[in-house]
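Everything below concerns the one structure shown next.
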Amino acid sequence: MIAENVKKYLAEAAGGNPMGEPVTLVAATKTRTPEEINEAIAAGIRAVGENKVQEFTAKYEAVQGAERHFIGHLQTNKVKYLVGKTQLIQSLDRTELADELQKRAEKANWTADCLIEINIGSELSKSGFSLEEAPAAYKKLRPFPNIRLRGLMAMLPLSDDAALLAALCKKMRALFEALRGEDENCVHLSMGMSGDWRLCVENGSNMIRLGTCLFGERRIAPAP
Ligand SMILES: *Cc1c(COP(=O)(O)O)cnc(C)c1O
């Protein structure tokens with residue numbers, strides 16, 4: 001079932017976005033077993049993302065053959081567990097985290113590829129820079145020698161208002177294009193989960209993070 005789902009969504013994503021960019025499909029793997037994750041990889045998934053450090057670490061050795069992304073809120077005291085092990089940290093959501101990442105990455109002689117997370121819906125329950133503060137944050141973090149900014153990530157609010165969601169995506173896309181105009185490393189715009197990824201891609205996302213679509217409903221709630 002996982003393999004069929006992966007093939008189906010990879011085929012859909014293969015159409016790219018309206019800007020003609022390919023869309024990267026990242027499997028969001030929280031609560032999934034290494035066996036399930038490896039099945040997705042065997043079916044063609046090239047990147048997998050965990051949102052809890054404990055799960056990332058527990059599955060690190062058993063999962064093989066894909067880029068490893070971190071997509072959840074990252075406590076500064078847990079940065080050390082990711083150093084040298086991720087190809088992309090999608091959730092760089094505050095400057096204190098960048099400070100810690102810089103310190104740890106430098107010690108390990110490693111460079112952390114990261115996306116700046118934007119709290120596009122201005123939700124209290126979500127972390128991230130506001131759209132307004134994002135350009136200054138990007139400018140501030142870009143010179144960090146052991147952090148390489150690769151673009152932006154956002155989670156849309158839960159809403160049935162497609163026009164509102166499309167407008168938020170367009171704001172993200174505009175910011176992304178402005179930053180990309182000044183930084184050739186800025187290539188990823190990560191927006192879209194199982195419930196909203198088509199709308200996100202239609203409005204300029206080029207990286208989507210799918211869990212439920214690929215693996216089915218989550219059996220166990222993720223730890224708080
Ligand atoms: C779980 C998760 C997803 C995927 O969610 P689904 O609705 O299951 O597709 C995407 N992004 C992040 C940050 C997540 O934690």
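As the structure lists them, so they are numbered: ligands from 1, and atoms in each ligand from 1.
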May I have every N or O pair linking ligand 1 to the protein at under 3.5 Å, one per line with atom names and distance?
from     : atom 1 : to     : atom 2 : distance (Å)
ligand 1 : 8 (O)  : Thr212 : N      : 2.9
ligand 1 : 8 (O)  : Thr212 : OG1    : 2.6
ligand 1 : 8 (O)  : Arg218 : NH1    : 2.8
ligand 1 : 8 (O)  : Arg218 : NH2    : 3.4
ligand 1 : 9 (O)  : Ser194 : N      : 3.0
ligand 1 : 9 (O)  : Ser194 : OG     : 2.5
ligand 1 : 9 (O)  : Gly211 : N      : 2.8
ligand 1 : 11 (N) : Arg209 : NE     : 2.9
ligand 1 : 15 (O) : Lys30  : NZ     : 2.7
ligand 1 : 15 (O) : Asn51  : ND2    : 3.4

**Prompt:** Which residues satisfy the salt bridge (charged side-chain N to carboxylate O under 4.0 Å, His left out) test with Glu123, sequence neighbours excluded?
**Reply:**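 Counting only residues at least two positions away or on another chain, Glu123 forms a salt bridge (charged side-chain N to carboxylate O under 4.0 Å, His left out) with Lys126.
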**Asked** What residues, two or more places apart in sequence or in another chain, satisfy ring pair (Phe, Tyr, Trp, His ring centres under 6.0 Å) together with Tyr60?
**Response**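 Here the qualifying residues are Phe56.
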**Item:** Closest contact, heavy atoms only, Ile2 versus Glu39
**Value:**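 That closest heavy-atom pairing would be CB-OE2, 3.6 Å.
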**Message:** I need the minimum non-hydrogen distance between Cys169 and Leu199, along with the two atoms involved.
**Reply:**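 Heavy-atom minimum between the residues: SG-CD2, 3.9 Å.
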**Request:** Taking Ser205 for its side chain and Cys200 for its backbone only, find out whether a donor-acceptor pair lies under 3.5 Å.
**Result:**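 A pair under 3.5 Å: no.
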**Members sharing Met207's hydrophobic cluster (side chains within less than 4.5 Å)** =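 Noted: Met207 shares its cluster with Val26, Leu88, Leu115, Met153.
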